[in-house]
Colleague: 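Questions regarding the structure given below will be posed in turn.
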There are 2 protein chains.
Amino acid sequence: MDQAAEAIADPIRRAILRMVRDERLTAGEIAARFAVSRPAVSRHLRVLRESGLVTDDLSGRHRYYSLNPEGLAELHRWLTALMTPAGWEQRLDALETEVHRARRDNRDNRDNRETA
Amino acid sequence: MDQAAEAIADPIRRAILRMVRDERLTAGEIAARFAVSRPAVSRHLRVLRESGLVTDDLSGRHRYYSLNPEGLAELHRWLTALMTPAGWEQRLDALETEVHRARRDNRDNRDNRETA
DNA sequence: TGAACGCGTAACCTATGGGTTACGCTTTAC
DNA sequence: GTAAAGCGTAACCCATAGGTTACGCGTTCA
């Protein structure tokens, strides 16, 4: 979890994670969306790889990156435990709502794609 | 959220957050539990304060710190959204289980305290 | 009232994280 | 088979995060 917490501390790495959440992208495609140089992005990608937050997939001279949700699980659990101290049971209700909202968002996005 | 993500990147600050989750502690009590100097801890506390992750409460010459769960909410939502990409609906079930476990843990701890 | 306590801040040092340019390796394309 | 594309790595530079010691200010207590 330590590695994950460190990895998401950088704004560029957080942006990369959001990029590869729903579609796999090559290193070049990712780098093109940032103002910093390609090698800089390449090192960010290495940090994300080594902390288990993304997976990479070689295909010829391209390397495809995609999010690895499992890599975020431990940190997420840590945060959940931290956010629910003794005597704050109403916070658990809020978290439940959060999950429900995520479920609904996913459903809506799927429907929009299908009707587009 | 950027500030929260940066704040939890440091292992000492993560340890502090866990310490003050269920009980308020003075700066001195917190510092005593670490190998680093008291001023170093004091600055970690400042980072946590300024990022809204803890609240402080002056009382005479003591300053009590306690966790502010709200400060973690935005980062937690960000992680939740990231962990549930399109087509991974089963992950939402896992998150729901996570909340249920937190609820149960809280209940168990409360009961243990009462019967102790 | 003065000594000790609790805590934060200032000044300083060092390690390191993130940036750049230069380079090399493998794969595609002509 | 040679040129170009796609990536990663090495070497280097600089800003800054995190550590230390020294210090100052308010609060307690004898």
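In the text below, chain A, chain B and the rest are named by the order of the sequence lines, each starting its count at 1. Values reported hereafter were calculated over all heavy atoms of this structure, with side chains retained and with hydrogens, waters and symmetry mates removed.
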Colleague: Rounded to the Å, how far apart are A:Arg13 CZ and C:dG17 C1'?
Modeller: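 A:Arg13 atom CZ is separated from C:dG17 atom C1' by 8 Å.
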Colleague: Please determine if a side-chain N or O atom of B:Ser42 lies less than 4.0 Å away from the OP1 or OP2 oxygen of C:dT9.
Modeller: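 So the side chain of B:Ser42 is outside the cut-off, no N or O lying under 4.0 Å from OP1 or OP2 of C:dT9.
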Colleague: Check the interface with nucleotides 19-23 of chain D: list each N/O to N/O pair with the protein under 3.5 Å, or write none.
Modeller:
from, atom 1, to, atom 2, distance (Å)
D:dG19, OP2, B:His44, NE2, 2.6
D:dG19, N7, B:Arg43, NH2, 3.4
D:dG19, O6, B:Arg43, NH1, 3.1
D:dT20, OP2, B:Ser37, N, 2.7
D:dT20, OP2, B:Ser37, OG, 2.6

Colleague: Check B:Arg103 with A:Asp93, please: is the shortest side-chain N to carboxylate O separation under 4.0 Å?
Modeller: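 Result for this pair is yes, salt bridge flagged.
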Colleague: Tell me, please, which residues at least two apart from A:His62 pass side chain to side chain donor-acceptor pair (under 3.5 Å).
Modeller: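 Listed in chain order: nothing, the list is empty.
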Colleague: Please list residues of residues 47-67 of chain B whose heavy atoms come under 4.0 Å from any atom in DNA chain D, ordered by number; otherwise none.
Modeller: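 Of all residues in residues 47-67 of chain B, the ones placing a heavy atom under 4.0 Å from DNA chain D are B:Gly60, B:Arg61.
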Colleague: Hey, is CD on B:Glu29 packed in by over 12 heavy atoms from elsewhere, all under 6.0 Å?
Modeller: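 Count over threshold, so yes.
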Colleague: Of all residues at least two apart in sequence or in a different chain, which pass the side chain to side chain donor-acceptor pair (under 3.5 Å) check with A:Glu50?
Modeller: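 Listed in chain order: nothing, the list is empty.
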Colleague: Between C1' on C:dT9 and CG on B:Leu45, what's the gap in Å once rounded to a whole number?
Modeller: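 So the two atoms are 14 Å apart, to the nearest Å.
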Colleague: Listed by chain and number, what are the side chain to side chain donor-acceptor pair (under 3.5 Å) partners of A:Asp57, not counting sequence neighbours?
Modeller: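 Per chain and number, A:Asp57 pairs via side chain to side chain donor-acceptor pair (under 3.5 Å) with A:Arg24.
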Colleague: Please list, chain by chain and in numerical order, all residues satisfying ring-ring contact (aromatic ring centres under 6.0 Å, His included) with B:His76, sequence neighbours excluded.
Modeller: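 Only A:His76 meet the ring-ring contact (aromatic ring centres under 6.0 Å, His included) criterion with B:His76.
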Colleague: Taking only Lys NZ, Arg NE, NH1 and NH2, and the carboxylate oxygens of Asp or Glu, determine whether B:Glu89 and A:Arg107 approach each other closer than 4.0 Å.
Modeller: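 Salt bridge absent between B:Glu89 and A:Arg107.
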Colleague: Without decimals, in angstroms, what is the distance between B:Arg14 CZ and D:dA17 C1'?
Modeller: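 Value for this atom pair: 15 Å.
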Colleague: Should A:Tyr64 and B:Trp88 be counted in the same cluster of Ile, Leu, Val, Met, Phe, Trp and Tyr side chains packed under 4.5 Å apart?
Modeller: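 Per the 4.5 Å side-chain linkage, A:Tyr64 and B:Trp88 are not co-clustered.
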